[in-house]
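Report on the structure given below.
No hydrogens, no waters, no symmetry mates; every other heavy atom, side chains included, goes into these values. Numbers restart at 1 for each chain; the letters A, B, ... are given by sequence-line order, proteins then strands.
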Protein chains: 2
Amino acid sequence: MTTPSSKAGTKGVPRADRERQILAAATEEFGRHGYEATTVAAIAGRVGVTKPLLHQYFGGKQDLYLACLDPIGDRLLDAIHTAMAEHDTDAPPTPLRVLSALFTALDGRREAWFVLYDPTLPSGSDAARRAAYYRDAIDDLAAAGTAELLHTAGTTDPLDADALKYAWRGLCTALVRWWINHPDQSPEAMARRCARLIEAAHTILSTGDGTM
Amino acid sequence: MTTPSSKAGTKGVPRADRERQILAAATEEFGRHGYEATTVAAIAGRVGVTKPLLHQYFGGKQDLYLACLDPIGDRLLDAIHTAMAEHDTDAPPTPLRVLSALFTALDGRREAWFVLYDPTLPSGSDAARRAAYYRDAIDDLAAAGTAELLHTAGTTDPLDADALKYAWRGLCTALVRWWINHPDQSPEAMARRCARLIEAAHTILSTGDGTM
DNA sequence: ATTCAACTTACCCATTGGTAAATTACCTTA
DNA sequence: TAAGGTAATTTACCAATGGGTAAGTTGAAT
């Protein structure tokens with residue numbers, strides 16, 4: 001069944017491998033240009049294959065998008081979840097742990113982040129709904145974190161918490177974008193850089209208050 | 001010349017007014033869905049007009065985009081520039097002043113921010129180049145600010161400065177996005193909220209350092 | 001009635017998502 | 001080793017969408 005003892009009909013690249021190639025290429029294209037601006041032919045061309053093969057393997061363009069979305073969504077969700085769970089004493093603070101987990105999860109597929117946050121998805125489509133599901137799930141995790149942080153700071157306005165959630169997401173997005181533009185940087189180097197930046201922000205907020 | 005003493009041919013809405021309507025609608029559509037996912041017909045429909053009118057008034061789709069880009073680019077550039085210039089003693093710190101200026105400049109055209117940061121622009125096009133010009137100009141202003149901040153904090157790595165620039169831009173983007181989802185909030189309310197959030201971030205970074 | 005800006009109808013054509021039918025190349029088996 | 005089977009893949013096509021244009025139509029002011 002899963003092991004078709006026969007090896008007849010083995011032209012070209014095995015389907016499983018080809019599917020992986022296609023998914024990788026599609027994820028990068030979708031992430032880089034957005035759903036609408038991405039053409040199926042371009043993805044096919046990247047893999048060195050023609051359009052109908054993608055359709056046979058994955059169905060329509062939207063199905064292909066979903067096939068890209070699900071793995072990265074689950075991966076990110078899981079990474080963030082476990083990163084937030086392990087609050088050891090004298091471990092790095094939660095935001096840094098989350099960032100570090102993010103970089104590790106996105107290593108080799110950095111553009112995938114933007115598959116989740118694609119504004120060109122046809123509104124009302126299945127794809128848009130599923131992407132929203134993952135975004136919300138991640139946001140819920142972030143919400144827990146930011147709420148806790150704001151509580152520590154004594155702020156209670158729920159809108160403030162919501163805005164902080166957005167701000168945090170935007171920060172992550174920006175750092176991933178910077179990372180994409182600096183391909184040589186390892187996930188660990190990114191984590192260290194973020195630690196430095198947070199440290200800098202800390203001292204800045206403490207000292208400068210008049211002119212900055 | 002500019003005042004055609006004759007008033008013959010005055011059917012419908014005067015051209016100048018119509019052009020304003022179209023630009024407003026186009027800016028919102030481009031900002032909301034991105035260049036590629038926006039159709040000229042959709043913009044026309046929003047104004048209650050048909051496609052050829054847009055072409056007659058503005059030329060092609062890309063020209064229309066440029067007609068949206070230029071005003072908002074200049075406006076933002078100017079707003080940020082003047083906000084960074086006025087460093088009075090006991091004025092709000094620079095980041096807050098910039099944010100405040102941003103919200104004021106974007107009032108009534110919040111989606112315009114995303115016209116500048118549209119990843120779906122056809123790479124290599126005039127539109128992409130012009131958008132990049134504005135982005136770079138704004139980034140240069142931001143670079144001056146972040147470099148100064150990092151210098152204060154004692155960090156010297158130029159890559160760190162670049163990353164911080166990205167982070168700051170991402171923060172602004174996220175806050176604008178939140179603002180779009182909360183239409184009732186005034187620019188001033190947003191500025192106050194940002195002040196609160198920065199304050200909260202300050203106390204958080206000062207106190208929590210083990211578990212957070 | 002004429003004029004002229006404002007505006008539309010009706011069309012063209014390139015791109016692109018999608019499909020049906022063939023074809024290639026490897027493997028097995030007689 | 002020739003025949004058959006099957007997975008992998010392509011060629012050739014269709015239909016819809018969307019940017020763009022040419023030519024006409026409307027209607028207020030003169």
In whole angstrom, what separates [X]'s [atom1] from [N]'s [atom2]?
X	N	atom1	atom2	value
Phe58(B)	dG20(D)	CZ	P	14 Å
His33(B)	dG18(D)	NE2	C1'	16 Å
Gln62(A)	dT16(C)	CD	P	18 Å
Ile22(B)	dC7(C)	CD1	P	8 Å
Glu29(B)	dG19(D)	CD	C1'	16 Å
Tyr57(B)	dG19(D)	OH	P	20 Å
Ile43(A)	dG17(C)	CD1	C1'	12 Å
Leu54(A)	dA8(D)	CG	C1'	13 Å

(message) Categorize Thr39(A) for me: base, sugar-phosphate, or nothing, with a 4.0 angstrom heavy-atom threshold over every strand shown.
(response) sugar-phosphate
(message) Checking Asp74(A) against Tyr134(A): is there a side-chain donor and acceptor pair closer than 3.5 Å?
(response)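 Short answer, yes.
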(request) On DNA chain D, check which nucleotide each of Glu36(B) and Gly48(A) is closest to and give me the residue with the more 5' one. (result) Gly48(A)
Nucleotide nearest [X] when distance is taken to its side chain, options [options]:
X	options	value
Pro52(A)	dT11(D), dC7(C), dT9(D)	dT11(D)
Lys61(A)	dG20(D), dT10(D), dG18(C)	dG18(C)
Lys11(B)	dA8(D), dT21(D), dT26(D)	dT26(D)

(request) Select from Gln56(A) and Thr38(A) the residue whose nearest nucleotide in DNA chain C is closer to the 5' end of that strand. (result) Thr38(A)
(request) Could you say whether Ala16(B) or Tyr35(A) is positioned toward the 5' end of DNA chain C, judged by the nucleotide with the nearest heavy atom to each? (result) Ala16(B)
Can you tell me if the side-chain N/O atoms of [X] get under 4.0 Å from OP1 or OP2 in [N]?
X	N	value
Arg18(B)	dA5(C)	no
Arg15(B)	dC7(C)	no
Thr10(B)	dA28(D)	no
His55(A)	dG18(C)	yes

(message) For a salt bridge (Lys or Arg N to Asp or Glu O under 4.0 Å) check, start with the C-alpha distance between Arg46(B) and Glu28(B), then their side-chain angles and the critical distance, and finish with the verdict.
(response) CA-CA 10 Å; Arg46(B) 216 187 163 82; Glu28(B) 192 172 332; 2.7 Å; yes
Can you tell me how far apart [atom1] ([X]) and [atom2] ([Y]) are? Round to the nearest 0.5 Å.
X	Y	atom1	atom2	value
Arg130(B)	Leu121(B)	CZ	CG	12.5 Å
Cys194(A)	Leu96(A)	SG	CG	7.0 Å
Glu19(A)	Leu54(A)	CD	CG	10.5 Å

(request) Give a yes or no on whether a donor-acceptor pair under 3.5 Å exists between the nucleobase atoms of dG19(D), that is its base, and the side chain of Lys51(B). (result)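 For Lys51(B), whose side chain was compared with the base of dG19(D), there is a donor-acceptor pair (under 3.5 Å).
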